[in-house]
2 protein chains.
Amino acid sequence: MKKTIFIFTSLIIALLALFQISKYHLISQDVSIQFVIATIAVVFFIIGSVINKKTSHSITVSSQEINQAKINELGISNREHEVLCKVAEGLSNKEIAHQLYVSENTIKTHVSNLLAKLNAKRRTQAIQIAKKLKIIPL
Amino acid sequence: MKKTIFIFTSLIIALLALFQISKYHLISQDVSIQFVIATIAVVFFIIGSVINKKTSHSITVSSQEINQAKINELGISNREHEVLCKVAEGLSNKEIAHQLYVSENTIKTHVSNLLAKLNAKRRTQAIQIAKKLKIIPL
DNA sequence: ATTATACTCATACTAAAGTATGAATTTCAT
DNA sequence: ATGAAATTCATACTTTAGTATGAGTATAAT
C-alpha cells in the first residue's frame, strides 16, 4: 500500500516535469493538446491497472478479509483461531505445538474444541467449513 | 475484459468532451494547466485501479481453472485426482471409499501415493499444496 | 473477593491416517 | 498379443488425530 502511494507520487512528479518541458513545445505549437491529455489518461489508466494487478495478488488473494463477526458468533477464542490457521496451513499438532511453544496436548485440546465449535468431524472438514465461513484466509 | 474496454473508451470520449469545454475556460485563463493534467492523471489512475479490482474479483476468485498440465507433470492419475478432491472436501478415507464404491484400503493407497507425488506429509498439507498448484478447485 | 473465560497440561483411551509390501485385475496403446 | 500403467485390495504395522476427564493458572469483569 505504501509502495503504491510512493510509486504513484513519483509518477505524478515525473508527469509534471515532463509537462514543464513539453509545455513550450507541444502546446505552444498547438499540436492537439487533446491528444496529449488523452495519452496521459491512457498511460495512467494502464499504470493504475498494472499496479493494482501486482498488489491484488497479495491483497485480493491473501487478505480475503476474515469474518470476525462469525468467529465471535461461534465462540472461537484468539488462541483457537490461531491454531485453526496453522491447521489450515497443513501443519501437524506437533508442529503447531512447537511453533506456539506449548505442548502437543494443548493443541489437541484446542483442535478438539474447534471441531465442536465448527461442527466438524475432522480437521480437514474444519478447514473446508472455516474457509466457507471466511474465518480463515484463502 | 470487453466491458473494461467499453468503459475505458467512453471515459476517453467523456474526457475529450470535458476538455473541449474547459479549453476556453481554464487554459485560456492559464489557471495552471499542470493542475488540470495532474487531476486527469489521478482520476484515470483511480479508474484503472477500481476497474481492475472489480474484474479481478470475478477472474481471480470465481473462475479458478484447474491446472491440468501440473497434474500430468506430477503423474497424478484420474482416480488419484478424484480422491484428492474428496480429501479436500474434508471427507474421511471411509467416506471416500463408500462414495467411490471401493475399499478403505484402496483409498489409503491412493492417498499415500498422492502424498508422495505432492511431496506432502499429511493430507492437510496436500490440500494446501494442491490449492497452491491450482490442481483442485478453491 | 469471586465468578467466568481463556489457556494450559496430563493421562488414558479410541479412532483415523499413513506406510510397506505384495499381488490380482483391468485398461490401453504399441 | 503383450507390456506398461492404473486400479483394486489385503495384511500388518506405526504414527497422528481426536475424545474424555480432570485440573492448575492467569486475567478480567462484576
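Model, not experiment: these values are computed from the prediction. Chain naming here is simple, since letters A, B, ... match the order of the sequence lines and numbering starts at 1 in each.
No donor-acceptor distance shorter than 3.5 angstrom exists from the side chain of K108(A) to the backbone of N93(A), with no hydrogens or angles considered. A donor-acceptor pair under 3.5 Å links the side-chain atoms of H81(B) to the main chain of I135(B), judged by distance alone. E73(B) contributes no side-chain N or O that, together with a main-chain N or O of K70(B), makes up a donor-acceptor pair within less than 3.5 Å. Under a 3.5 Å cut-off, the side chain of R123(B) and the backbone N or O of V87(B) do not form any donor-acceptor pair.
Dashed line: the shortest gap from a side-chain N or O of N93(A) to OP1 or OP2 of dT16(D) is not under 4.0 Å. Contact annotation: T109(A) side-chain N/O to dT8(C) OP1/OP2 distance is not under 4.0 Å. Regarding contacts with the backbone of dT8(D), a side-chain N or O of R79(B) is found under 4.0 angstrom from either OP1 or OP2. Here S112(A) reaches the OP1 or OP2 of dT19(D): one of its side-chain N or O atoms lies under 4.0 Å away. OP1 and OP2 of dC9(D) both lie 4.0 Å or more from every side-chain N or O belonging to H110(B). Between dG18(C) and R123(B), a contact under 4.0 Å exists linking OP1 or OP2 to a side-chain N or O.
Rounded to an integer number of Å, the gap from CD of Q125(A) to C1' of dA16(C) is 14 Å. For the pair K108(A) NZ and dA15(C) P, the computed distance is 15 Å after rounding to whole Å. Atom-to-atom, CG of L114(B) to P of dA17(C) comes out at 14 Å; the value is rounded to the nearest Å. Atom NZ in K117(B) sits about 6 Å away from atom P in dA6(D), given to the nearest Å. The CD atom of E82(B) sits 8 Å away from the P atom of dT8(D) (whole-angstrom rounding). Atom pair L91(A):CG and dA17(D):C1' shows a separation of 15 Å (rounding to whole Å applied). To the nearest angstrom, P of dC13(D) lies 15 Å from CG of N105(B). To the nearest angstrom, C1' of dT16(D) lies 12 Å from CD1 of I96(A).
Which of dG18(D), dA17(D), dT8(D) sits closest to the side chain of V102(B) comes down to dT8(D). Distance from the side chain of N78(B) is smallest to dT7(D) among dA10(C), dT7(D), dC9(D). Each of dA17(D), dA16(C), dA6(D) was ranked by its minimum atom distance to the side chain of S77(B); first place goes to dA6(D).
Checked for salt-bridge contact, E95(B) and K86(B) miss the test: no charged N lies under 4.0 Å from a carboxylate O.
Residue contacts for T106(B): at a heavy-atom cut-off of 4.0 Å it reaches a base atom on one of the strands shown.
In terms of position on DNA chain D, the residue among V111(A) and N113(B) whose nearest nucleotide sits closer to the 5' end is N113(B).
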